[in-house]
There are 2 protein chains.
Amino acid sequence: MVAGSATVGRRALAKEQRRQQLIDATIKCIAKKGLSSTTLADVAKEAGLSQGIVNLHFDSKDNLLYETLRYVSEDYDKQFMATYAQTSADPAACLLALIKMDLQPSICDAKKLAVWFAFWSEVKAVPTYQKLCAARERKYDDVLVDLAARIIDDGGYEDADASLVAKALGSLTDGLWLSCLVDPKSFDRQVALNTVKSYLRGIFPDHYLREPTA
Amino acid sequence: MVAGSATVGRRALAKEQRRQQLIDATIKCIAKKGLSSTTLADVAKEAGLSQGIVNLHFDSKDNLLYETLRYVSEDYDKQFMATYAQTSADPAACLLALIKMDLQPSICDAKKLAVWFAFWSEVKAVPTYQKLCAARERKYDDVLVDLAARIIDDGGYEDADASLVAKALGSLTDGLWLSCLVDPKSFDRQVALNTVKSYLRGIFPDHYLREPTA
DNA sequence: CATAACTGAATGAACAATCATTCATTTTAT
DNA sequence: ATAAAATGAATGATTGTTCATTCAGTTATG
């Protein structure tokens with residue numbers, strides 16, 4: 001095979017890039033065939049590479065799957081932290097920005113969600129999944145609690161509990177992810193966003209009342 | 001039948017009971033080992049029966065899994081409809097009762113949730129799962145919309161949207177299920193219930209303000 | 001009542017297919 | 001030329017499925 005431009009993705013990719021290529025292929029396979037029917041042959045084929053390639057780069061299938069979970073987790077974290085960094089000065093704006101982020105196609109699309117749900121479903125069976133997922137859960141809850149507390153303090157919302165608000169917001173977006181995964185046809189990002197906004201308006205009226213319908 | 005107490009579970013069980021026994025074993029296996037590592041040998045062993053038993057009663061593994069999904073779905077539906085029937089006269093009480101039900105151990109326990117998440121994660125891969133899950137989603141959303149509309153009408157909550165409230169409540173409980181599954185140690189049913197209650201108080205104050213902390 | 005014939009549920013060994021993993025060989029890059 | 005990366009055929013383990021056989025419970029027969 002000559003003139004490498006036609007064969008981009010077959011060779012000459014740095015080790016880390018190849019690993020990433022295989023993780024991407026794994027995500028596609030899990031979304032397309034489900035975790036329980038995803039084989040290493042599927043992953044290799046999806047990546048356009050050969051049978052033994054996964055064991056070469058990840059040693060084992062278990063390891064590939066764990067690294068895939070780590071990747072989607074870090075991918076989410078990067079977006080979360082970037083959004084947070086840009087808006088954290090204003091807690092109300094920050095909360096809304098984080099929720100908008102959660103509903104963006106870069107995070108909330110059926111392909112990636114199928115991966116999340118697959119790993120969540122195995123949390124009881126695979127302790128390493130459990131540790132990673134539980135740590136995530138707590139980290140983001142902590143951030144939301146802090147934001148909610150600052151808003152409550154700022155607005156004097158005396159009968160609001162920051163911890164409960166944080167749990168509600170976190171659960172709300174997780175639940176919206178489920179409807180995006182299960183019934184993508186009738187899932188509407190704008191409606192989903194309005195669902196959360198209506199909650200925010202109800203609990204923090206002074207901070208979220210009558211926003212421009214952006 | 002001669003005092004079959006010594007041989008309970010080996011013979012003399014009606015066909016439907018045996019199928020149910022195998023479905024129960026399947027649920028246990030999925031919770032314990034994950035869907036992707038659950039084999040028919042596992043299911044048979046969990047049921048205390050022999051290798052070929054699943055094919056005898058369900059023809060194939062695929063069929064067993066689909067029937068398992070159908071069972072957990074109908075099991076939920078029975079509880080949902082029973083709760084609804086008992087409380088539907090008072091929409092506010094009904095809404096709260098349905099949410100309490102969603103958080104009860106008979107529905108919200110890590111074992112059953114692992115099964116739900118496993119099937120949800122394969123919705124994109126298995127059209128029959130998708131159809132069943134999407135239909136469920138829509139059915140319960142319809143009920144919640146109706147209840148919310150009646151409460152809005154009753155209380156004159158002009159700036160509340162029944163459809164958004166319904167989506168929020170449905171997503172909220174789904175999201176709480178995730179935290180129950182992923183981090184059962186720090187999951188607290190009372191806190192979960194208060195999370196939803198605080199939302200209801202915020203949006204329907206006249207109907208949910210200052211309930212006794214039951 | 002006793003027992004022989006019958007029914008169909010259950011067994012578990014055997015089979016064929018699938019799959020993760022290995023590795024000798026080939027290809028590519030330096 | 002050397003080293004690293006990738007290949008793909010081979011391998012052994014796992015797993016869904018099949019089926020001849022066993023066994024419990026029922027019915028028919030003497």
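Values below: all heavy atoms of this structure, side chains included; hydrogens, waters and symmetry mates excluded.
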Engineer: Could you tell me whether a side-chain N or O of E122(A) sits under 3.5 Å from a main-chain N or O of S36(B), the two making a donor and an acceptor?
Structural biologist: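 Yes, the answer is positive, given that a donor and an acceptor are paired below the 3.5 Å cut-off.
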
Engineer: Do L22(B) and V54(B) make a side-chain contact, defined as non-hydrogen atoms from C-beta onward lying under 4.5 Å apart?
Structural biologist: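 Sidechains of V54(B) and L22(B): in contact.
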
Engineer: In whole angstroms, how far is the P atom of dA9(C) from the CG atom of L22(B)?
Structural biologist: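 Rounding to the nearest Å, CG of L22(B) and P of dA9(C) are 13 Å apart.
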
Engineer: Between the protein and nucleotides 18-21 of chain C, are there any N/O to N/O pairs under 3.5 Å, and if so, what are the atom names and distances?
Structural biologist:
residue	atom	partner	partner atom	Å
dA20(C)	OP1	K61(A)	NZ	2.5
dA20(C)	OP2	L40(A)	N	2.8
dT21(C)	OP2	N55(A)	ND2	3.2
dT21(C)	OP2	K61(A)	N	2.8
dT21(C)	O5'	N55(A)	ND2	3.4

Engineer: In whole Å, what is the span from the NE2 atom of H57(B) to the C1' atom of dT18(D)?
Structural biologist: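 About 16 Å, once rounded to whole Å.
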
Engineer: Between the axis at one end of the helix from dC1(C)-dG30(D) to dT30(C)-dA1(D) and the axis at the other (five pairs apiece), what's the angle to 10 degrees?
Structural biologist: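 End axes: 0° apart.
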
Engineer: Please report, rounded to the nearest Å, how far the C1' atom of dA29(C) is from the CZ atom of R18(A).
Structural biologist: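 Rounding to the nearest Å, CZ of R18(A) and C1' of dA29(C) are 13 Å apart.
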
Engineer: Could you tell me whether the side chain of L178(B) reaches within less than 4.5 Å of the side chain of F117(A), counting heavy atoms only?
Structural biologist: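 Answer no - side chains too far apart.
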
Engineer: Hey, does T38(B) have a side-chain heavy atom less than 4.5 Å from the side chain of L65(B)?
Structural biologist: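 No, their side chains stay 4.5 Å or more apart.
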
Engineer: Send over the distance from K45(A) NZ to dA6(D) C1', rounded to a whole Å.
Structural biologist: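 From K45(A) NZ to dA6(D) C1': 19 Å.
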
Engineer: Kindly determine whether Q190(B) and L193(B) satisfy side-chain contact (heavy atoms from CB on, under 4.5 Å), including the steps that lead there.
Structural biologist: CA-CA 5 Å; Q190(B) 199 53 243; L193(B) 181 57; 4.1 Å; yes

Engineer: If I take atom CD1 in residue I53(A) and atom C1' in nucleotide dG8(D), what distance separates them, rounded to the nearest angstrom?
Structural biologist: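 Interatomic distance, CD1 of I53(A) to C1' of dG8(D): 11 Å.
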
Engineer: Calculate the interatomic distance between L49(B) atom CG and dA9(C) atom C1'; express it in whole Å.
Structural biologist: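 Checked: the CG to C1' distance equals 11 Å.
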
Engineer: Are D42(A) and K32(A) ion-paired here, with the side-chain N under 4.0 Å from a carboxylate O?
Structural biologist: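 A salt bridge is absent here (no side-chain N lies under 4.0 Å from a carboxylate O).
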
Engineer: Can you measure K15(A) atom NZ to dA3(D) atom P for me and round it to whole angstrom units?
Structural biologist: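 Atom-to-atom, K15(A) to dA3(D), this comes out as 15 Å.
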
Engineer: In terms of heavy-atom contacts, does NZ of K61(A) have more than 12 from other residues, nucleotides or ligands at under 6.0 Å?
Structural biologist: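 Count over threshold, so yes.
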
Engineer: Would you find a donor on one side and an acceptor on the other, under 3.5 Å apart, between the side chain of T173(B) and the backbone of G170(B)?
Structural biologist: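 Yes; at least one donor-acceptor contact below 3.5 Å.
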
